[in-house]
Enquirer: 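Take a look at this one; I'll ask things after.
The sequence lines fix the lettering, A, B, ..., with proteins before strands; numbering per chain opens at 1.
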Number of protein chains: 2
Amino acid sequence: MTQPTNGDDKTGRKFGRRRKGEEKEQLKELILKTASELFIEQGYSAFSMRKLAAMLGYSPATLYLYYKDKDHLLFSVVDDGFTRFRQELAQASSSTSDPWERLDRIGEAYVQFGLTYSTYYQLMFMWRVDYLFEAKQGEEVPRLAAFQVLFDSVKYAQDHQAVKPGDPYVYSDMLWASLHGVVALAIQIPMFTPERTAKLVNHTKDMLYMALRS
Amino acid sequence: MTQPTNGDDKTGRKFGRRRKGEEKEQLKELILKTASELFIEQGYSAFSMRKLAAMLGYSPATLYLYYKDKDHLLFSVVDDGFTRFRQELAQASSSTSDPWERLDRIGEAYVQFGLTYSTYYQLMFMWRVDYLFEAKQGEEVPRLAAFQVLFDSVKYAQDHQAVKPGDPYVYSDMLWASLHGVVALAIQIPMFTPERTAKLVNHTKDMLYMALRS
DNA sequence: ATATTTAATGAACGATGTTCATTAAAAGGA
DNA sequence: TCCTTTTAATGAACATCGTTCATTAAATAT
């Protein structure tokens, strides 16, 4: 009993099955997926390589054939969160051409992401902010590019006379800081019930609108 | 050489010196002070009981005669930060009777604390937020009381027709979230130079002023 | 059938937080 | 002064952690 079933993975053979490179990618992805699950379930501090290995049915040492170390693995988890975050903001931005509507939807998407994927948000913006700046191997888009969307939308709104003239950097910093502050409180302070959070979000939006409109 | 001098502490005798209860308090304080130093120098993740014991010249086990475990020790560190934080805000609040000046000074004190004691701020409001809610043994003032100052000043300003009518909870939440957002970005994102941070702080203050004034 | 390549492993190392029986210095009593 | 009791401090041990590396055996190549 409990003898390894010949399923999609984890067949009985544990040694030296040769992978065609494609299979290696698959396992690497499976590790990442499982790591995300473990991370989301148990949180950052309870995340351990040995637990992850146990979940996968592999020896801890095997993980190091696919990821250099724990840090790089977590970095990949963060990176996934970041592309998702960027996509969400970009989609909100391109969903309308009205300058204010655009800013509003971006703000909404920001908060929504933070509240929905709060564990990710914490890892990305509170616990491992350092990951934000490591320009890693596969280069791709830098992590911080997610906030370019914010800045671009501010400039866009200024070009359309929807946002008052002034340093667009400060304006997008204000947006960033306000949204981050709201999300941070909402997901970390238990007294922030959905109702209280919603009120705060709405008032903060109004505040930003008042402060930035031309 | 390096033979234990008969100084204020750490005499040669290592065993069973009996303490009069007062001395025990002193050592407990020394441990806390040294823990704060270690924590500030090395950060949260590099903080270890064994390093701390080495700094003090004691065995790791000794620490457990004075603090239940690492968590309680760090909690005491956080608690120190919190009383300091509360004091700073309270002092700013009582330094003037002008409603807006008061709110402004509280905001200034908040940001100043965050930037000055950034390591504390991170531990208190980002990494170990859970400490905020543990009503510990010596009861004293709950950690969250620090934010009562914010709320009180909003109400005070409303009573003096300086802040417009409306739910004072939302208003103080807005203050809290905005200030936290600014501080969080400033101390975590290296691109936030002092200049950029100062601009952000000023604009955020103006924004809050516009949004809350009657 | 044999040799080569390589995915996976077990065992080990150092560091961590924590517990507990043991030690020896101080205090109290004769 | 000697003996007993109290107790501050310890060393050794345990479990857990991240990580490395020589070893194993399955898949492939010859």
Enquirer: Quick one: side chain to side chain donor-acceptor pair (under 3.5 Å) pairs with a partner in residues 182-195 of chain A, sequence neighbours left out?
Expert: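 Applying side chain to side chain donor-acceptor pair (under 3.5 Å) to every pair that reaches into residues 182-195 of chain A, excluding sequence neighbours, yields A/T193-A/E195.
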Enquirer: Is the B/Y117 ring parallel, tilted or perpendicular to the B/F113 ring (thresholds 30°, 60°)?
Expert: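 Tilted.
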Enquirer: Could you check how far OH of B/Y66 sits from P of D/dA8, rounded to whole Å?
Expert: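 Answer to the nearest Å: 6 Å.
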Enquirer: Can you measure B/D71 atom CG to C/dT18 atom P for me and round it to whole angstrom units?
Expert: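 Going from B/D71 (CG) to C/dT18 (P), I get 8 Å.
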Enquirer: When rounded to the nearest 0.5 angstrom, what is the spacing between OG1 in B/T34 and CG in B/L56?
Expert: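 Nearest 0.5 Å value for the OG1-CG distance: 4.0 Å.
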Enquirer: My understanding is that only residues two or more places apart in sequence, or in another chain, count here; which of them pass side chain to side chain contact (heavy atoms under 4.5 Å, CB included) with A/N202?
Expert: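 Partners of A/N202 by the side chain to side chain contact (heavy atoms under 4.5 Å, CB included) criterion come out as none, since no residue qualifies.
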Enquirer: Under 4.0 Å from OP1 or OP2 of D/dT19: is there any side-chain N or O of A/K70 that close?
Expert: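 For D/dT19, neither OP1 nor OP2 has a side-chain N or O of A/K70 closer than 4.0 Å.
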Enquirer: Given atom CD1 of A/I31 and atom P of C/dA8, what is their separation to the nearest angstrom?
Expert: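 The distance from CD1 of A/I31 to P of C/dA8 comes to 8 Å, rounded to the nearest Å.
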Enquirer: I'd like to check the ring-ring contact (aromatic ring centres under 6.0 Å, His included) partners of B/F192; sequence neighbours left out, ordered by chain and number.
Expert: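 Result, ring-ring contact (aromatic ring centres under 6.0 Å, His included) vs B/F192: A/W176.
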Enquirer: Write out a two-atom table: protein N or O, nucleotide N or O from nucleotides 12-16 of chain D, distance below 3.5 Å.
Expert:
none

Enquirer: B/L63 has an atom CG; how far is it from atom P of C/dC20, in whole Å?
Expert: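 Answer to the nearest Å: 17 Å.
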Enquirer: Rounded to whole angstroms, how far apart are NE2 on B/H72 and P on C/dG17?
Expert: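 About 16 Å, once rounded to whole Å.
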Enquirer: Just checking B/Y67: base, sugar-phosphate only, or nothing, at a heavy-atom cut-off of under 4.0 Å?
Expert: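 Since no nucleic acid heavy atom lies under 4.0 Å of B/Y67, the category is nothing.
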Enquirer: Is NZ or CZ of B/R143 both nearer than 6.0 Å to the six-membered ring centre of B/Y131 and within 45° of the ring axis?
Expert: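 Relative to the ring axis of B/Y131, which defines the angle, B/R143 lies outside at least one limit.
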Enquirer: What's the CE-P distance between A/M49 and C/dA15, to the nearest Å?
Expert: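 The distance from CE of A/M49 to P of C/dA15 comes to 19 Å, rounded to the nearest Å.
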Enquirer: For B/D167, which residues count as a salt bridge (Lys or Arg N to Asp or Glu O under 4.0 Å) partner, sequence neighbours excluded?
Expert: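 Only A/K199 meet the salt bridge (Lys or Arg N to Asp or Glu O under 4.0 Å) criterion with B/D167.
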Enquirer: Rounded to whole angstrom units, what separation is found between the CD atom of A/E25 and the C1' atom of C/dA7?
Expert: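 Rounded to the whole Å, the gap is 15 Å.
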Enquirer: Name the orientation class of the two ring planes belonging to A/Y110 and A/F85 (parallel below 30°, tilted from 30 to 60°, perpendicular beyond 60°).
Expert: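 Judged by the thresholds at 30° and 60°, the geometry between A/Y110 and A/F85 is perpendicular.
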Enquirer: Hey, which of these two, A/A46 or A/K68, hits DNA chain D nearer its 5' end, going by closest nucleotide?
Expert: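 Its nearest nucleotide lies further toward 5', so the answer is A/A46.
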Enquirer: How many whole angstroms separate atom CG of A/L27 from atom C1' of C/dA8?
Expert: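 From A/L27 CG to C/dA8 C1': 11 Å.
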Enquirer: Scan residues 33-41 of chain B against DNA chain D and write down, sorted by residue number, each residue with any heavy atom closer than 4.0 Å; if none is found, say none.
Expert: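 Close to the strand, none.
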Enquirer: Measure across B/V149 and B/L89 and return the closest heavy-atom pair with its distance rounded to 0.1 Å.
Expert: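 For B/V149 versus B/L89, the nearest heavy atoms are CG1-O, 3.9 Å.
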Enquirer: Is any side-chain N or O of B/Y64 closer than 4.0 Å to OP1 or OP2 of D/dT10?
Expert: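 No, no such contact exists.
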